[in-house]
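Just so you know, these numbers come straight off a predicted model, no measurement behind them.
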Amino acid sequence: MGAMVFTGGPIWTGGPSSGSGPAALGVDGGRIVAVGDRADVQAALAKPYELVDLAGRALVPGLHDAHVHPVQGALERLRCDLSHLNDRAAYRAAVAAYAEAHPDRTWITGGGWSMSAFPGGLPHRTDLDTVAPGRPVFLPNRDHHSAWVSTAALAAAGVDARTPDPRSGRIERDPDGFPSGVLHEAAMDLVTPLLPEDTETDYDQALLEAQRYLFSLGITGWQDAIVGSYAGSRDQYDTYRRAAASGRLRARVAGALWWDRSQGLEQLAFMAERRAAAGGRFRTPIVKIMQDGVAENFTASMLEPYVGHDFCGTSNVDPQRLRSYVAALDAAGFSVHFHAIGDRAVRECLDAVEAGGNTQRHHIAHLHVVNPADVPRFAALDVTANIQSLWATHHEQNDTLCVPFFGPDRVAHQYPFGAIHRAGGRLAAGSDWPVSTPDPWPAIHVAVHRTEPPDSAESAWPASQIPMLPEQALTLEQALCAYTAGSAYVSHLDREVGALTAGRAADLVVLDRDPFTPGAELHTVKADLVFVDGTLVHER
């Protein structure tokens, strides 16, 4: 953590209209000492320093992912990983290869399949039975709201035609009523108790792999969007605590403690105990409430029924109880990180903040559909829009599994990031990895252009280069602010990071180019050098 001066390229300090004016930035003792003219920065250091020549490349604050599941992402990369594939044949081949390579594994786990690869978004158990005969298989899809399971997995769990749908879940069925092999939402929990439990070592290794990978993308901190047991994943709270205590956790992490919707306010004391016990690089000032599901399986909570259906999705928490929960959490000093996909879920979350209190840094993630009447309420209630902008395009899954069931009015209400910003709302940004790539630059490309990155697998869809609601686009500066200052704010880290100003931690990224150059291919931007507290943690 010696003294350094960065100069020779544009320095984007962060914040609205900050531009790239400063000529130099000085670091000493892991902190930013000065930003400005090179002579002034050198004078502020008043000691020997290492010169870091930007050579025309841009220096930006370390990016912060405001909604990510790193341990799960890394575990999937190390198991039957389908996230890099996009069609049924490839999935079958991958499962077959994994099954052959791991004959000793009691269960085949991993995941990452795309619903768009199957008619109606629904794979069938017989595909798994064919390539892994007799073996129980449990593979969550990319959004982790559904799982593809084999006949052996269903049999092991005792799930058959007589098994009722659980509350907040649904079992897809064949015409004869027998489960077809897809379990949505809480229905996954019919099987997850049988999955082999991951060990502490598994999770410790996964966290370190996730940290390495995220550092390589220029992400120096994140908010883990579910710290607790969910959908077959064990609680990673102690994993973070061990890493923080040992010094292995170098990223700045805020954990969103999972609110068990089968319980009520009695769990608040447990949340407070966890907050008090966390420390170092891992803090838990946030609680995660998942208010609905996803539109692809009709569990997103909508104000009006899905087209062609007589139901409006699922609100996981009764709206009146949600208000009481938010009031209690707000009074206890917790921020609430809501998951809300549908317009009714978004409204229920905003209503809960309005009724229950908005003294903390509450934020709503995803925002697939937002009724225009609710757009100005983000600013009015000081609720941050936590955006996953990579999804805001005409990609096959959205165009085939969501849009036909929204109808023309709701189609025009998708991902209204620009409208929320123009109304004065605050934006944070995240990836939701392993739902989608944690690389921030393809997501920034979409935020700015509202088209699919040209090199993505989804770009083969004919409509992918037609902007989705281009009036909802952000400028590059707005998108970068969301990934830095906005995300640091919702993670309660804005006094430490999020902008390049004197006194803050030297979490810095040297990009491979200046992204503000006209015509820059944003989706291909890379991180050349990444620093945390002034120490190099990644070099490309």
Side-chain angles (χ1 to χ4, degrees), residues 69 71-160 163 171-174 178-184 187-206 209-210 213 229-234 297 397 433-437 457:
H69 309 280
V71 175
Q72 288 75 20
L75 284 172
E76 287 187 8
R77 282 166 61 88
L78 299 171
R79 294 179 179 169
C80 186
D81 181 17
L82 307 180
S83 63
H84 60 293
L85 307 172
N86 292 285
D87 62 72
R88 176 190 172 204
Y91 296 152
R92 284 169 54 99
V95 175
Y98 186 88
E100 183 178 0
H102 299 90
D104 57 327
R105 297 283 171 91
T106 307
W107 283 72
I108 295 173
T109 59
W113 53 276
S114 172
M115 297 180 77
S116 62
F118 302 96
L122 300 173
H124 200 272
R125 58 187 163 80
T126 52
D127 273 339
L128 299 177
D129 298 344
T130 300
V131 298
R135 297 182 67 176
V137 183
F138 181 89
L139 298 171
N141 71 342
R142 289 180 187 176
D143 62 29
H144 283 235
H145 289 266
S146 303
W148 183 13
V149 297
S150 64
T151 302
L154 293 168
V159 178
D160 58 24
T163 305
I171 303 169
E172 292 289 346
R173 302 176 190 271
D174 289 335
F178 195 85
S180 65
V182 174
L183 306 175
H184 300 300
M188 292 186 287
D189 294 333
L190 298 171
V191 174
T192 56
L194 302 177
L195 300 180
E197 186 170 356
D198 294 306
T199 66
E200 286 187 1
T201 300
D202 291 333
Y203 267 49
D204 290 344
Q205 292 175 344
E209 166 59 18
Y213 183 39
S229 300
Y230 171 73
S233 297
R234 64 179 283 166
N297 63 17
Q397 181 164 311
W433 180 52
V435 175
S436 46
T437 175

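Side-chain atoms of R135 never come within 3.5 Å of backbone atoms of I108 as a donor-acceptor pair (strictly under, hydrogens ignored). R142 places a side-chain N or O within 3.5 Å of a backbone atom of G112 that can act as its donor or acceptor partner. Side chain of W148 to backbone of H124: a donor-acceptor contact under 3.5 angstrom is found. In this structure a side-chain-to-backbone donor-acceptor pair under 3.5 Å is present from H102 to Y98. Between the side chain of W113 and the backbone N or O of L139 there is at least one donor-acceptor pair closer than 3.5 Å.
Distance check: D160 CG to T151 OG1 gives 12.0 Å after rounding to the nearest 0.5 Å. To the nearest 0.5 Å, atoms OG (S114) and CG (L82) are separated by 10.5 Å. One distance of note links CZ of R79 with OG1 of T109; it measures 4.5 Å at 0.5 Å rounding.
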Q: Show your working on side chain to side chain contact (heavy atoms under 4.5 Å, CB included) between Y203 and L75 and close with a plain yes or no.
A: CA-CA 8 Å; Y203 267 49; L75 284 172; 3.4 Å; yes

Q: Starting from the C-alpha separation in whole Å, work towards a yes-or-no answer on salt bridge (Lys or Arg N to Asp or Glu O under 4.0 Å) for R234 and D198.
A: CA-CA 7 Å; R234 64 179 283 166; D198 294 306; over 6 Å; no

Q: Begin with the C-alpha distance, continue with both residues' side-chain angles, and end with the deciding distance and a verdict on side chain to side chain contact (heavy atoms under 4.5 Å, CB included) for W107 and L194.
A: CA-CA 9 Å; W107 283 72; L194 302 177; 3.7 Å; yes

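Minimum interatomic distance between P136 and A152 (heavy atoms only, all atoms of both residues): N-CB, 3.7 Å. Here the closest non-hydrogen pair linking S180 and D174 is CB-OD1, 3.3 Å. Nearest heavy-atom pair, A74 versus A206, reported as atom, atom and distance to 0.1 Å: CB-O, 3.2 Å. Between V191 and A157, the shortest heavy-atom contact is CG2-CB, 3.9 Å.
Judged as a ring pair (Phe, Tyr, Trp, His ring centres under 6.0 Å), and not counting sequence neighbours, the contacts of H69 are H67. With sequence neighbours excluded, no residue satisfies side chain to side chain donor-acceptor pair (under 3.5 Å) with D87. With sequence neighbours excluded, the residues satisfying side chain to side chain contact (heavy atoms under 4.5 Å, CB included) with V182 are L122, P123, S146, E172, H184. Every residue two or more places apart in sequence or in another chain was checked for a ring pair (Phe, Tyr, Trp, His ring centres under 6.0 Å) with H84, and none qualifies. Residues passing the ring pair (Phe, Tyr, Trp, His ring centres under 6.0 Å) test with H145 are H339, sequence neighbours excluded. Annotation: side chain to side chain donor-acceptor pair (under 3.5 Å) contacts of T201 (sequence neighbours excluded): none.
For the side-chain contact (heavy atoms from CB on, under 4.5 Å) criterion with P179, the lone passing option out of L154, V149, L190 is L154. Screening D127, L128, V95, T126 against S150 for a side-chain contact (heavy atoms from CB on, under 4.5 Å) leaves a single residue, L128.
A 4.5 Å side-chain heavy-atom check between Q72 and Y230 finds every atom pair outside the cut-off. F138 is listed as a side-chain neighbour of M188, based on a closest heavy-atom distance under 4.5 Å. Residues H144 and P434 form a side-chain contact, since some pair of their non-hydrogen atoms from C-beta on lies under 4.5 Å apart.
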